[in-house]
Amino acid sequence: MASENLNEELASERTKNFLEEIIEEDIKSGKHGGRVLTRFPPEPNGYLHIGHAKSICLNFGLAQRYGGKTNLRFDDTNPEKEDVEYVNSIKEDIRWLGFQWAGEYYASDYFEQLYEWAEVLIKKGLAYVDDQTQEEIRINRGTVNQPGKPSPWRNRSVDENLDLFRRMRAGEFGDGERVLRAKIDMAHPNMLMRDPIMYRIIHAEHHRTGSKWCIYPMYDYAHGQSDSIEKITHSICTLEFDVHRVLYEWFIEKLEIFPSRQYEFARLNLSYTVMSKRKLLELVREKIVMGWDDPRMPTICGLRRRGYTPESIRYFADKVGVAKRDNVIDLSLLEFCLREDLNKRAERRMAVLSPLRVLITNYPEGQVEELDAINNPEDDAAGTRSVPFSREIYIEQDDFMENPPKKFFRLAPGQEVRLRYAYFIRCNEVIKDEQGNIIQLNCTYDPASRGGNSPDGRKVQGTIHWVSAQHAIKADVRLFDRLFSKPDPNDVPEGVDWKSTINSDSLRVVEAYIEPSLKNVKPLDKFQFERLGYFSVDYDSTSQKLVFNRTVTLKDTWAKIAGK
RNA sequence: UGUCCUGUGGUGUAAUUGGCAACACAUCUGACUCUGGAUCAGAAGAGUCCAGGUUCGACCCCUGGCAGGACAACCA
């Protein structure tokens with residue numbers, strides 16, 4: 001299938017990004033014997049989102065391109081926030097995206113090694129136990145403009161530090177009573193170098209190590225060493241860790257361990273989308289969305305439920321590029337990538353979302369014809385199906401106008417249209433209720449136009465979709481719109497809740513009539529409903545009640561014209 | 001006001017110092033079409049944050065500004 005080639009095509013066509021250049025230079029110079037090993041290091045404290053997808057595609061993609069491998073490593077150094085629920089979802093999402101990790105590791109696997117290295121640092125006089133309170137530590141760290149003040153405990157003897165640190169591990173102290181700090185420079189211009197905390201005391205159950213430990217390493221004391229233990233050659237992270245790199249290197253240097261190197265790239269931002277875990281969690285907790293996998297969420301599981309394909313996301317990740325400057329990608333690029341893929345793979349069906357009854361007065365009562373319809377004009381192998389046609393059908397309300405403007409190519413009084421794969425019909429009579437609402441159209445068909453072509457060769461401008469009234473199945477269709485009304489949802493005046501930018505009309509459910517061939521669909525099946533968009537079967541769908549999610553609309557030129 | 005990172009069409013991403021700047025999305029035309037879809041063809045849109053400097057020549061190098069972002073959690 002063509003969409004399988006989406007990614008390879010692109011990667012070979014485009015120019016190299018800065019990371020590819022670095023890696024190629026490293027390979028050329030023989031660094032690490034030409035070996036490439038990357039890692040994807042999520043903290044299991046939330047669900048993965050499209051921003052993580054960029055990072056995943058980058059890390060795995062780079063390794064694949066240069067004959068290397070990628071580890072999955074959970075950065076689980078904070079027992080209070082992490083949970084197996086998250087590790088499972090993360091693994092599922094990575095696999096779904098189409099990647100397989102070489103090794104599955106956990107920072108918690110390295111706790112013993114990390115502990116031993118901490119003792120090494122203490123013995124070298126490079127780490128000390130600090131008894132200051134959290135508050136004191138914060139104040140004495142100084143500010144970006146003022147140097148910090150050394151802790152009164154900064155010059156304890158090696159023996160005392162060792163003793164205290166061992167007793168910390170042994171559980172002799174309560175939470176927050178003491179910490180282990182690296183002894184670097186309290187006046188360092190980089191705040192992170194002002195004797196950063198290496199270990200804190202947390203008497204909490206860890207999702208993997210249980211109650212074995214009551215001291216836990218901080219990110220800076222765990223990440224680089226974990227990379228080093230795994231012999232990661234290129235440790236790729238986002239820009240905000242740039243300032244951490246000097247510390248990353250300090251620990252590796254002082255410990256004299258494998259020199260992994262860190263490189264930073266700009267994280268993905270998407271218009272009309274929030275990406276912070278905190279905010280996504282808020283949307284879930286406050287039930288503004290149905291859950292982490294709500295189809296309006298930018299989470300991988302949300303996109304999956306919405307109907308996105310892994311291919312489209314990988315294609316997108318490739319198209320957004322990799323650089324070091326802050327960026328905001330148009331949501332329309334993501335949608336473009338989606339349509340590009342779905343257009344080639346999704347079978348077409350007919351469905352009517354806002355039905356208008358049409359009676360074909362000259363069609364024999366009781367007659368039913370089975371008409372051939374092409375499943376996918378982009379893919380001959382998809383074949384054809386038959387669609388029942390009868391005297392009473394539904395068409396889309398939008399496809400009829402009593403007083404049409406000049407360029408309206410659809411149905412109107414006296415005007416003729418083609419019913420896709422069926423017949424030409426002409427509207428003769430408009431029936432309204434007491435309120436004046438149009439409730440039915442009486443039309444006549446041209447029997448000679450069966451299949452959609454008329455023998456006299458006359459042209460009909462418009463082709464509309466339809467569904468046979470007596471054969472149609474009812475289904476719920478969830479019409480999603482963007483969750484936020486502003487391109488940058490975070491851009492609110494001070495004091496105003498960011499959630500004020502939420503689009504209150506981001507979900508509309510309609511009862512639709514769909515063609516009978518859709519009877520046995522399963523969750524995640526994807527179709528193009530002709531002229532409407534791409535739709536995917538929701539998890540809530542049952543054989544009694546089918547539920548479709550609108551993944552994305554088709555490009556709608558008419559809407560654009562009509563909007564003017 | 002300290003350190004670090006970054007400044008190229010609306011949005012992204014390119015351009016061994018030497019062709020006043022390329023590609024994609026978005027936008028606008030037109031062709032074609034049994035999806036106003038897809039496809040195809042074309043247009044408009046930046047003179048590369050600013051100012052100096054080096055050079056025959058700078059998006060690219062140097063200096064100085066300016067702007068945006070990150071960093072002062074016992075989070076990652």
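The figures here come from the full heavy-atom set of this structure, side chains too, leaving out hydrogens, waters and symmetry mates.
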Length of the line joining [X]:[atom1] and [N]:[atom2], which is rounded to integer Å:
{"X": "H188(A)", "N": "rC71(B)", "atom1": "NE2", "atom2": "P", "answer": "17 Å"}
{"X": "K319(A)", "N": "rA14(B)", "atom1": "NZ", "atom2": "P", "answer": "14 Å"}
{"X": "R245(A)", "N": "rU3(B)", "atom1": "CZ", "atom2": "P", "answer": "16 Å"}
{"X": "N327(A)", "N": "rC25(B)", "atom1": "CG", "atom2": "P", "answer": "18 Å"}

Mutual orientation of the aromatic rings belonging to Y216(A) and H206(A) [parallel < 30°, tilted 30-60°, perpendicular > 60°]: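 The rings of Y216(A) and H206(A) lie parallel, inter-plane angle below 30°.
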
Scan every strand shown for a Watson-Crick or G-U wobble partner of [N], both distances under 3.5 Å, and answer none if you come up empty.
{"N": "rG30(B)", "result": "rC40(B)"}
{"N": "rC4(B)", "result": "rG69(B)"}
{"N": "rU63(B)", "result": "rA51(B)"}
{"N": "rC25(B)", "result": "rG10(B)"}

Reckon [X] touches a base, only the sugar-phosphate, or nothing at all at heavy-atom distances under 4.0 Å?
{"X": "N453(A)", "value": "base"}
{"X": "S449(A)", "value": "nothing"}
{"X": "K407(A)", "value": "base"}
{"X": "V144(A)", "value": "base"}
{"X": "P42(A)", "value": "nothing"}
{"X": "Q528(A)", "value": "base"}

Quick check on RNA chain B: between K324(A) and K277(A), whose nearest nucleotide comes earlier from the 5' end?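 On the 5' side of the pair lies K324(A).
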
Pairwise 5' ranking along RNA chain B for E21(A) and R418(A), keeping only the more 5' one: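 Looking at RNA chain B, the more 5' nearest nucleotide goes with E21(A).
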
Could you tell me whether the side chain of R325(A) has a donor or acceptor atom within less than 3.5 Å of a complementary atom in the base of rG68(B)?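 Looking at the base of rG68(B), it does not pair with any donor or acceptor on the side chain of R325(A) (distance under 3.5 Å).
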
N/O donor-acceptor pair, side chain H244(A) with base rA70(B), under 3.5 angstrom: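 Not at all, since no donor on one side and acceptor on the other fall under 3.5 Å apart.
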
Determine whether the aromatic ring centres of F241(A) and H223(A) lie less than 6.0 Å apart.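 Not under 6.0 Å, so no.
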
Value rounded to 0.5 Å, distance of CZ in F111(A) from CH2 in W213(A):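 If we round to the nearest 0.5 Å, F111(A):CZ and W213(A):CH2 are 8.0 Å apart.
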
Quick one: OG1 on T309(A) to NZ on K526(A), what's the gap to the nearest 0.5 Å?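 It is 7.5 Å, given to the nearest 0.5 Å.
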
Verify whether one side chain among S517(A) and R349(A) offers a donor that lies under 3.5 Å from an acceptor in the other.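 Yes.
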
